[in-house]
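Structure first, commentary second.
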Amino acid sequence: PGSPFGAPAAPLPELGSPAAGPPALEAPVLLVRRRAVQPAVADAGEDSDEAGDKGGARGSSLASLAGPKVLEATALQGRELRWQTWPETTPFNEEFKALPMRWGLRGELFCLLRRRSDGETRVVAAEVRSPLERWPILRTAPPVSPAARHRCFTLNDHLFVVSLDRESGRLQVFHVADPGAAWDPAFDATLPEELPPPPPEGGEGSGDDGEVAAPMAITRSAKLFFFYSQDRVPHVLALERRPKGGGGDEQEAAATLFRVTDPGKPWTKLGSAPPLSSKVRFTAIYTKRRDGGPTDFQVSIFAVDGAKNELSIYYVPADTGAPWTLVQTLPFAGDTRFSCIYVPGKPEPLLMVGSPTERLQKLCHLNLTEWILSKQDDRRNPPQAPVVEEKFSRPMASLWPESREGHDGPMTVAIPVDCTADLPVSRHAWVTSPMAAGGDAASPLGPYPGHGPPLLAPGPPPGSLLPSGAGGPPSHALPP
């Protein structure tokens with residue numbers, strides 16, 4: 001109430017008839033193409049949107065990456081998820097990195113493109129069938145510091161862009177009326193290098209005057225991850241890195257949860273999230289229940305720990321400040337990245353999984369809803385199917401023909417960029433379409449282009465750089 005950013009969005013358009021079936025699917029795919037080299041024992045360190053050059057976390061043997069970071073884009077089309085042609089790349093693909101920001105009214109995806117060298121930022125429409133340099137530019141923002149990181153969220157159908165400069169500590173929130181509009185400042189604060197001592201018990205801390213104090217409780221080095229709760233409100237997980245005692249440089253982390261109810265004010269602190277390592281990378285997974293409405297959803301957090309080569313899956317309750325449910329912990333390569341494909345009519349997304357160390361691109365089916373139900377009801381037996389069920393895989397290098405410029409043979413790796421953005425609170429067809437009968441039916445059968453070797457059955461990846469026993473999803477086996 002009283003927010004200058006408007007009332008909640010109008011009701012969603014009338015849903016189509018279930019008999020008409022869900023609309024045709026064209027899912028954009030963004031990948032960063034790199035070259036893998038031998039495993040290196042190093043510190044993952046930097047908070048990057050892509051895998052870095054130093055390899056895995058200290059004490060683990062993950063692939064190091066070399067060469068340019070080439071942004072590739074294409075689409076999966078139809079119920080069979082057929083890969084479309086890869087547009088040609090130019091030096092432009094190496095110059096820019098992409099951040100999916102929001103979904104449009106007609107299913108289009110808008111992205112931020114940021115030049116690596118000088119921080120120039122563009123808002124573009126992701127026309128993935130065209131070369132990257134031809135994507136329509138809707139807005140060009142002023143250059144930012146190389147130390148700045150951007151994140152985006154949507155509240156009441158209004159788009160906001162968050163910019164955090166790690167050197168100066170400046171945190172800015174911009175209101176963007178539409179992707180082509182000017183960025184209007186909504187909030188501005190300077191984050192400290194270290195957290196201040198907690199206020200006296202019963203004290204409130206400041207925040208009414210816009211100064212950062214207890215209500216924010218974030219340092220400039222925090223990693224910020226946005227997701228949406230069941231009531232469609234954006235939340236922020238702020239992951240702080242803190243050196244451990246004893247003179248070592250290993251880091252522990254404290255994750256703090258915030259709720260964004262008014263982007264023009266400091267975020268509301270809810271409490272601490274589950275204990276996590278500073279090497280964790282998050283992905284939000286949204287699912288539908290069969291007894292819910294078409295626009296109702298639930299959220300789970302997939303947390304890949306780069307230090308432990310481990311995936312932890314948490315269910316986030318409707319009361320996000322209540323304890324989260326640990327659904328499963330599975331061995332996974334610590335450099336695994338996920339990209340979700342939301343198919344209209346399906347209750348759960350398909351999961352594209354990529355690890356530079358394994359050098360395999362995998363398509364996985366989720367059985368997350370059943371596992372959550374079993375965790376909520378002690379009378380239920382655990383599902384027979386694994387929570388992450390690998391369906392297909394193939395070597396990453398075979399995603400492109402060997403004749404493609406910059407192809408590095410079998411050491412070519414593809415790092416998925418998740419395009420979920422604000423999908424659960426958008427007008428995306430997955431949101432507006434009713435669940436199809438048998439919505440969790442078998443996965444598509446044609447997920448890869450025609451060139452290259454055939455699909456591989458689930459199992460240990462041949463030629464993987466991952467040492468034996470060091471991780472990788474054993475999704476062909478039942479979880480314990």
Side-chain angles (χ1 to χ4, degrees), residues 20-33 72-87 98 100 103 106-109 111 126-130 283 285-288 302 336-355 360-369 385-386 388-401 414-421 423-424 426 428-458 473 475-476:
L25 173 71
E26 180 167 294
V29 175
L30 302 181
L31 299 170
V32 177
R33 176 161 53 86
E72 296 263 18
T74 187
L76 302 177
Q77 187 178 58
R79 304 294 292 179
E80 303 83 6
L81 297 182
R82 298 182 301 273
W83 285 72
Q84 301 304 293
T85 303
W86 295 97
W103 289 87
R106 293 175 294 276
E108 64 272 42
L109 178 65
C111 292
E127 294 189 354
V128 294
R129 292 177 177 270
S130 302
T283 303
I285 307 291
Y286 301 97
T287 57
K288 292 185 177 183
F302 279 36
T336 297
R337 304 290 182 268
F338 298 120
S339 181
C340 299
I341 305 166
Y342 287 86
V343 180
K346 301 279 186 180
E348 298 164 311
L350 294 171
L351 200 61
M352 188 181 297
V353 181
S355 159
L360 286 180
Q361 197 77 11
K362 302 178 182 181
L363 187 69
C364 297
H365 178 81
L366 293 178
N367 300 295
L368 184 56
T369 302
V388 180
E389 184 177 7
E390 181 184 326
K391 291 294 185 179
F392 306 107
S393 66
R394 83 178 300 164
M396 289 177 171
S398 67
L399 290 173
W400 299 277
I415 303 161
V417 177
D418 186 41
C419 294
T420 300
L423 184 146
S426 73
H428 189 278
W430 182 82
V431 176
T432 60
S433 297
M435 200 180 307
D440 53 357
S443 296
L445 297 178
Y448 291 102
H451 61 267
L455 301 177
L456 303 174
S475 48
H476 52 287

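Worth saying up front: this structure is predicted, and the values here are computed from it rather than measured. Residue numbers start at 1 and run along the sequence shown.
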Quick one: does Thr283's side chain get under 4.5 Å of Leu351's, heavy atoms only?
no
Any Glu72 side-chain heavy atom under 4.5 Å of Leu399 side chain
no
Pro424 and Ala421: which non-hydrogen atoms are nearest, and at how many Å?
CD-O, 4.3 Å
Kindly give the heavy-atom pair with the smallest separation between Cys364 and Glu390, and that separation in Å.
SG-CA, 3.8 Å
Okay, side chain of Trp103, backbone of Thr420: is any donor-acceptor separation there less than 3.5 Å?
yes
Looking only at heavy atoms, which two atoms of Leu366 and Ile285 are closest? And how far apart?
CD1-CG2, 3.7 Å
Can you name the nearest heavy-atom pair linking Glu348 to Leu368, along with the distance?
OE2-N, 2.7 Å
Is there side-chain contact between Thr336 and Ser355, with heavy atoms separated by less than 4.5 Å?
yes
Look up atom CZ in Phe392 and atom CG in Leu360, then write down how far apart they are to the nearest 0.5 Å.
14.5 Å
Would you check if the side chain of Trp86 reaches a backbone N or O of Pro401 as a donor-acceptor pair within less than 3.5 Å?
no
Could you tell me which non-hydrogen atom of Leu30 sits nearest to which non-hydrogen atom of Ala98, and how far apart they are?
CD1-CB, 4.2 Å
Under 3.5 Å donor-acceptor, Glu80 side chain and Gly78 backbone:
no
Starting from the C-alpha separation in whole Å, work towards a yes-or-no answer on side-chain contact (heavy atoms from CB on, under 4.5 Å) for Leu31 and Trp400.
CA-CA 12 Å; Leu31 299 170; Trp400 299 277; 4.2 Å; yes
How long is the straight-line distance from NE2 of His428 back to CD of Glu108, given to the nearest 0.5 Å?
10.5 Å
Less than 4.0 angstrom from a charged side-chain N to a carboxylate O is my criterion; do Glu389 and Lys391 meet it?
yes
Does Ser433 use its side chain to pair, donor to acceptor, with the backbone of Gly345 at less than 3.5 Å?
no
Between Ser398 and Gln361, is any pair of side-chain heavy atoms under 4.5 Å apart?
no
To the nearest 0.5 Å, what is the distance between CG (Leu350) and OG (Ser339)?
10.5 Å
Drop me the distance from Glu26's CD to Leu76's CG, to the nearest 0.5 angstrom.
9.0 Å
Which heavy atom in Pro100 sits nearest to a heavy atom in Asp418, and how many Å separate them?
CG-O, 3.4 Å
If only atom types and distance count, is the side chain of Thr74 paired as donor or acceptor with the main-chain N or O of Thr85 below 3.5 Å?
yes
Check whether any side-chain heavy atom of Val128 lies under 4.5 Å from a side-chain heavy atom of Val29, and answer yes or no.
no
Are the side chains of Tyr342 and Leu423 in touch, meaning some heavy atoms are under 4.5 Å apart?
yes
